[in-house]
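Below: one structure, written as structure tokens.
Numbers here simply count residues along the sequence, with the first being 1. Predicted model, so just to flag it, every value in this text is computed and none were measured.
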Amino acid sequence: MTAQIQYADVEVGTELPSGSFPVTRATLVRYAGASGDFNPIHWNEKFAKEVGLPDVIAHGMFTMAEAIRVVTDWVGDPGAVVEYGVRFTKPVVVPNDQRGAVIEVSAKVAVKLDDNRVRVDLTATSADQKVLGMSRAVVRLG
């Protein structure tokens, strides 16, 4: 695959289509199985509260992966992401109900770099709280 977005067509400030990603307890159990991260703070409400959390929380790496989907969907090629990093600022709290939580992600082109690359800054929130800080991806465009 190659990036579907052309470097010449992108300007600083270009906003990517935003994304809204639901998270339920079932989602966390499936992710735990796939990742091998069975820490009980991600599935056991009693344990999570005993260690001082408000409830079960989503895996940080899961939250990070959901956020980058905005970029990979936009560029059309996951392999176009050459760098990606975040700071975890708040947990995504996932209540035990039919709704769960939602991770809302927006992103925009912050800097045009050399070699057809751009830096994309992402904002990820859940329950009106920023859950990722310094969330940035470098993407090689066509």
Side-chain angles (χ1 to χ4, degrees), residues 1-45 47-49 51-142:
M1 296 179 86
T2 59
Q4 296 173 1
I5 304 295
Q6 299 302 307
Y7 182 81
D9 296 336
V10 175
E11 299 297 328
V12 170
T14 298
E15 292 187 17
L16 284 59
S18 60
S20 182
F21 306 101
V23 187
T24 64
R25 296 278 178 95
T27 308
L28 299 181
V29 170
R30 286 191 299 274
Y31 182 81
S35 68
D37 181 352
F38 294 100
N39 187 323
I41 64 173
H42 302 305
W43 57 269
N44 184 319
E45 185 173 327
F47 183 85
K49 289 181 176 181
V51 298
L53 294 168
D55 208 329
V56 164
I57 63 170
H59 303 73
M61 296 304 287
F62 172 82
T63 303
M64 188 177 174
E66 290 293 82
I68 197 65
R69 286 175 57 189
V70 165
V71 176
T72 59
D73 289 350
W74 171 69
V75 76
D77 178 9
V81 177
V82 295
E83 291 179 34
Y84 179 43
V86 305
R87 288 191 183 153
F88 300 105
T89 55
K90 297 275 185 193
V92 174
V93 178
V94 183
N96 191 19
D97 59 19
Q98 297 302 319
R99 293 183 314 271
V102 177
I103 302 168
E104 301 285 350
V105 183
S106 61
K108 67 179 176 178
V109 174
V111 179
K112 288 186 84 169
L113 305 166
D114 61 349
D115 197 24
N116 283 10
R117 297 173 307 137
V118 296
R119 190 187 86 210
V120 176
D121 291 353
L122 298 91
T123 301
T125 62
S126 183
D128 296 322
Q129 292 200 2
K130 193 172 181 181
V131 295
L132 298 176
M134 299 295 290
S135 184
R136 297 177 172 170
V138 175
V139 183
R140 181 167 286 112
L141 302 178

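Lys112 places no side-chain N or O within donor-acceptor distance of the main-chain N or O of Ala8, the cut-off being under 3.5 Å. Side-chain N or O atoms of Arg119 include none that pairs as donor or acceptor with a backbone N or O of Leu113 at under 3.5 Å.
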Which pairs of donor and acceptor atoms, one on a side chain in residues 10-23, lie under 3.5 Å apart (sequence neighbours left out)?
unit_1: Thr14; atom_1: OG1; unit_2: Glu11; atom_2: N; d: 3.1
unit_1: Thr14; atom_1: OG1; unit_2: Glu11; atom_2: O; d: 2.6
unit_1: Ser20; atom_1: OG; unit_2: Glu104; atom_2: OE1; d: 3.4
unit_1: Ser20; atom_1: OG; unit_2: Glu104; atom_2: OE2; d: 3.1

Return a table of donor-acceptor pairs under 3.5 angstrom between the side chains of residues 58-68 and protein atoms on other chains or two or more places apart.
unit_1: His59; atom_1: NE2; unit_2: Asp37; atom_2: O; d: 3.2
unit_1: Thr63; atom_1: OG1; unit_2: His59; atom_2: O; d: 3.1
unit_1: Glu66; atom_1: OE1; unit_2: Arg69; atom_2: NH1; d: 3.1
unit_1: Glu66; atom_1: OE2; unit_2: Arg69; atom_2: NH1; d: 3.2

Please list every donor-acceptor pair under 3.5 Å in which a side-chain atom of residues 27-34 meets a protein atom from a residue at least two apart or in another chain.
unit_1: Thr27; atom_1: OG1; unit_2: Thr24; atom_2: N; d: 3.1
unit_1: Thr27; atom_1: OG1; unit_2: Thr24; atom_2: OG1; d: 3.0

Under 3.5 Å, side-chain donor or acceptor atoms of residues 85-92 against the rest of the protein: list the pairs with distances, not counting sequence neighbours.
unit_1: Thr89; atom_1: OG1; unit_2: Lys130; atom_2: O; d: 2.8
unit_1: Thr89; atom_1: OG1; unit_2: Val131; atom_2: O; d: 3.3
unit_1: Thr89; atom_1: OG1; unit_2: Leu132; atom_2: N; d: 3.4

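Looking at Tyr84 and Thr72, their side chains never come closer than 4.5 Å, going by heavy atoms from C-beta outward.
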**Request:** Begin from the C-alpha positions of Glu45 and Asp55 and carry the test side-chain contact (heavy atoms from CB on, under 4.5 Å) through to its verdict.
**Result:** CA-CA 6 Å; Glu45 185 173 327; Asp55 208 329; 3.2 Å; yes
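Between Trp74 and Ile5, the closest heavy-atom pair is O-CG1, 3.3 Å. In plain terms, the two heavy atoms of Ala107 and Val70 that are nearest each other are CB-CG1, 4.0 Å. Nearest heavy-atom pair, Gly142 versus Ala3, reported as atom, atom and distance to 0.1 Å: N-CB, 3.7 Å. Across Ile103 and Ala124, no two heavy atoms sit closer than the pair CG2-CB, 4.5 Å.
For residues 131-142, the set of pairs meeting the salt bridge (Lys or Arg N to Asp or Glu O under 4.0 Å) definition, not counting sequence neighbours, comprises Asp115-Arg140, Asp121-Arg136.
Scanning for salt bridge (Lys or Arg N to Asp or Glu O under 4.0 Å) contacts around Lys108 gives an empty result, with sequence neighbours left out.
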